[in-house]
2 protein chains.
Amino acid sequence: MEIEYKEKNFFTSKDLALSVIGGRWKIAIIWCLLQQTPLRLSEIQKYLPDVNQRMLIRQLRELEDDKIITRCVYPVVPPKVEYELSEIGLLLEPVVTSICDWGDNFRTFLEENPNETSVE
Amino acid sequence: MEIEYKEKNFFTSKDLALSVIGGRWKIAIIWCLLQQTPLRLSEIQKYLPDVNQRMLIRQLRELEDDKIITRCVYPVVPPKVEYELSEIGLLLEPVVTSICDWGDNFRTFLEENPNETSVE
DNA sequence: GTTTATAGTGACAAAAACGTCAGTATTGTT
DNA sequence: AACAATACTGACGTTTTTGTCACTATAAAC
């Protein structure tokens with residue numbers, strides 16, 4: 001997270017929201033947890049194979065610190081940890097949905113308007 | 001923008017969407033243009049005083065390249081340039097709205113659940 | 001002829017984000 | 001005794017992002 005809301009004045013709700021969900025993989029993680037819940041770390045990794053474990057854990061920690069997800073550790077061996085959206089985290093569903101919907105529209109737009117700019 | 005959709009396979013709409021609107025100030029810029037349109041650069045700067053001009057211009061260029069906004073240059077002195085949301089850009093309104101709405105909820109949540117973690 | 005306004009660009013530095021690698025803990029299995 | 005599985009952490013370096021500073025163009029106003 002780039003901005004710490006604890007240390008800055010936020011005038012708008014969007015700034016506050018973006019400080020929490022603006023991270024590189026945050027929306028993707030929340031998306032996973034909306035598909036299936038709870039999820040173990042290893043399961044999230046299967047959903048997001050492009051994210052390395054280190055990064056994934058860092059993003060999960062930030063989401064946990066911001067109370068968007070909960071982390072439940074089971075005292076077993078090998079260890080088992082389950083991640084779940086919190087109540088306020090679940091309320092992000094409309095955000096994720098609207099992003100996916102727009103992505104659909106944008107994909108259609110791209111197909112209908114092929115790039116005139118060639119990268120060469 | 002971190003990911004070039006021209007160069008990567010995108011399997012989900014969210015990935016495609018995030019590659020376009022995931023930039024640091026993209027949502028904020030789009031938010032401005034939903035409040036008032038068209039806007040000149042100097043006007044966007046008044047909306048977003050924390051963004052330096054260099055950065056703002058870079059983000060505007062990316063949005064323009066992705067066809068989210070249009071840039072109209074008037075051949076006058078001093079120069080006048082107007083930015084406007086494109087058709088596909090206007091469709092981002094539900095995304096911005098849902099983010100703002102969630103931000104409101106999250107602010108309330110923060111007020112109701114004061115931080116137990118003190119930073120010292 | 002100097003200043004003003006607007007919308008930039010280029011070079012560079014600082015900061016933040018990201019990735020890689022190696023290592024930890026536990027206990028049950030081979 | 002070595003190895004496997006899961007969920008990590010720490011050190012470190014690289015890459016990307018962001019910011020700063022100086023600079024450009026133009027015509028009108030003073």
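Every value quoted in this text rests on a predicted model; they were computed, and no experiment measured them. First the proteins, then the strands, lettered A, B, ... as listed; each starts at 1.
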Atom CD1 of Ile44(B) and atom C1' of dG8(C) are separated, to the nearest Å, by 13 Å
Winner on side-chain proximity to Arg71(B), out of dT6(C), dT9(D), dA7(C), is dA7(C)
message: Surrounding CD of Glu87(A) (heavy atoms of other residues, nucleotides or ligands, distance under 6.0 Å), is the total greater than 12?
response: no
Closest of dG19(C), dC8(D), dT6(D) to the Pro79(A) side chain is dT6(D)
Against the side chain of Leu41(A), the closest entry in dC8(D), dT20(D), dG8(C) is dC8(D)
Between CG of Leu56(B) and C1' of dG8(C) the distance, given in whole Å, is 12 Å
- Check whether the side chain of Arg61(B) and the base of dG8(C) form a donor-acceptor pair under 3.5 Å. no
Contacts of Val77(A) and Val73(A) projected onto DNA chain D by closest heavy atom; the upstream (5') one is Val77(A)
- Message: Using only modelled atom types and a 3.5 angstrom limit, is any donor from either the side chain of Arg58(B) or the base of dG19(D) paired with an acceptor on the other?
- Response: yes
Checklist entry - When all nucleic acid strands are considered with a 4.0 Å heavy-atom cut-off, which category describes Arg40(B): base, sugar-phosphate, or nothing? => result sugar-phosphate
- Query: When all nucleic acid strands are considered with a 4.0 Å heavy-atom cut-off, which category describes Tyr74(A): base, sugar-phosphate, or nothing?
  - Reply: nothing
Of all heavy-atom pairs linking Ile30(A) and Leu92(A), the shortest is CD1-CD1, 3.6 Å
- Query: Does Arg24(B) put a side-chain nitrogen or oxygen below 4.0 Å from OP1 or OP2 of dT18(D)?
  - Reply: yes
Between CH2 of Trp25(A) and C1' of dC18(C) the distance, given in whole Å, is 10 Å
Using only atom types and a distance under 3.5 Å, with no angle test, would you say the side chain of Lys26(A) pairs donor to acceptor with the backbone of Val20(A)? yes
Between the main-chain N or O of Trp25(B) and the side-chain N or O of Gln59(B), is there a donor-acceptor pair closer than 3.5 Å? yes
Arg54(B) backbone acceptor or donor facing Asn52(B) side chain under 3.5 Å:
yes
Whole-Å distance, Met55(B) CE to dG10(C) P, equals 16 Å
Report yes or no: does Trp102(B) contribute a side-chain atom to a donor-acceptor pair with the main-chain N or O of Gly89(A) at less than 3.5 Å?
no
Quick one: is Arg54(A) getting a side-chain N or O under 4.0 Å of the dC18(C) phosphate, OP1 or OP2?
-> no
Rounded to whole Å, the CD-P distance (Glu64(A) to dA7(D)) equals 14 Å
Just to confirm, is there a sub-4.0 Å distance from OP1 or OP2 of dA7(C) to any side-chain nitrogen or oxygen of Ser42(B)? yes
Checking dC8(D), dA7(C), dG8(C) against the side chain of Ile57(B) (C-beta onward), the nearest is dG8(C)
Here the distance between atom C1' of dA7(D) and atom CD of Gln45(A), to the nearest Å, is 9 Å
Rounded to whole Å, the CG-P distance (Asn52(B) to dA14(C)) equals 16 Å
To the nearest angstrom, the CD-P distance between Gln53(A) and dC21(C) comes to 14 Å
Note: for Val51(B) and Pro78(B) on DNA chain D, the residue whose nearest nucleotide lies more 5' is Val51(B)
